[in-house]
Amino acid sequence: MDAQEYDALVALKARIEALAEEARAIQKEVSPAFKSVERRYYRMDDGSRKYIEFLRLTSIGYVNDNLDNVLNYACAAVDALDNATADEDEVKDISYKY
């Protein structure tokens with residue numbers, strides 16, 4: 001691997017780590033929002049407004065689930081990039097159980 005390729009892999013790793021940090025930060029904001037919408041949903045009477053709140057609740061849940069996936073894949077990608085840029089004696093086992 002030449003220096004340019006190595007630098008590109010290191011830069012990619014840094015960007016993925018930053019993405020994972022941003023996903024964690026967003027998750028900290030999503031959880032209270034989900035709970036707030038959930039409380040409002042359970043206080044509502046049946047009707048079209050309750051259905052709209054259900055859609056909001058579901059959307060927030062999907063966002064949170066997708067952020068979980070981003071974090072899982074980011075972790076695996078960082079490990080793979082660590083191995084790609086490591087010396088042969090520093091390569092670690094990155095087998096995952098999903």
Side-chain angles (χ1 to χ4, degrees):
M1 164 181 336
D2 63 13
Q4 185 177 7
E5 184 180 13
Y6 178 85
D7 291 343
L9 292 175
V10 170
L12 178 60
K13 178 185 164 197
R15 291 183 69 196
I16 292 171
E17 287 173 331
L19 174 65
E21 285 302 315
E22 182 66 19
R24 284 185 194 96
I26 292 170
Q27 276 189 317
K28 289 179 182 176
E29 296 176 30
V30 168
S31 182
F34 182 85
K35 289 176 184 172
S36 175
V37 173
E38 185 179 41
R39 282 191 302 272
R40 188 169 50 235
Y41 172 77
Y42 285 117
R43 287 192 309 254
M44 297 179 87
D45 295 330
D46 288 333
S48 62
R49 290 186 50 86
K50 188 167 185 173
Y51 179 70
I52 291 169
E53 288 301 308
F54 170 76
L55 292 177
R56 289 180 181 148
L57 190 62
T58 303
S59 297
I60 294 169
Y62 286 148
V63 166
N64 197 44
D65 288 346
N66 285 324
L67 289 171
D68 284 338
N69 290 334
V70 165
L71 290 169
N72 288 336
Y73 286 118
C75 181
V78 166
D79 286 347
L81 289 166
D82 278 343
N83 279 351
T85 56
D87 293 330
E88 286 183 30
D89 59 337
E90 296 176 353
V91 173
K92 59 185 170 184
D93 178 21
I94 58 170
S95 56
Y96 291 95
K97 299 174 185 171
Y98 288 109

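- Side-chain heavy-atom separations under 4.5 angstrom define the hydrophobic clusters, and the remaining members of the one that includes Leu19 are Val70.
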Taking only distance into account, with no hydrogens and no angle test, what donor-acceptor pairs under 3.5 Å do side-chain atoms of residues 3-17 form with protein atoms, sequence neighbours excluded?
residue: Lys13; atom: NZ; partner: Asp82; partner atom: OD1; Å: 2.5

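- Contacts of Arg24 classified as side-chain contact (heavy atoms from CB on, under 4.5 Å), with partners at least two apart in sequence or in another chain: Ala20, Glu21, Leu71.
- Atom CD of Glu38 sits about 12.0 Å away from atom CD of Glu53, to the nearest 0.5 Å.
- Hydrophobic cluster of Ile26: the remaining members, joined at side-chain heavy-atom separations below 4.5 Å, are Val30, Phe34, Val37, Tyr41, Tyr42, Tyr51, Phe54, Leu55, Leu57, Ile60, Val63, Leu67, listed by chain and number.
- With sequence neighbours excluded, the residues satisfying salt bridge (charged side-chain N to carboxylate O under 4.0 Å, His left out) with Lys50 are Asp46.
- Scored by the side chain to side chain donor-acceptor pair (under 3.5 Å) test, Asn66 finds no partners at all (sequence neighbours excluded).
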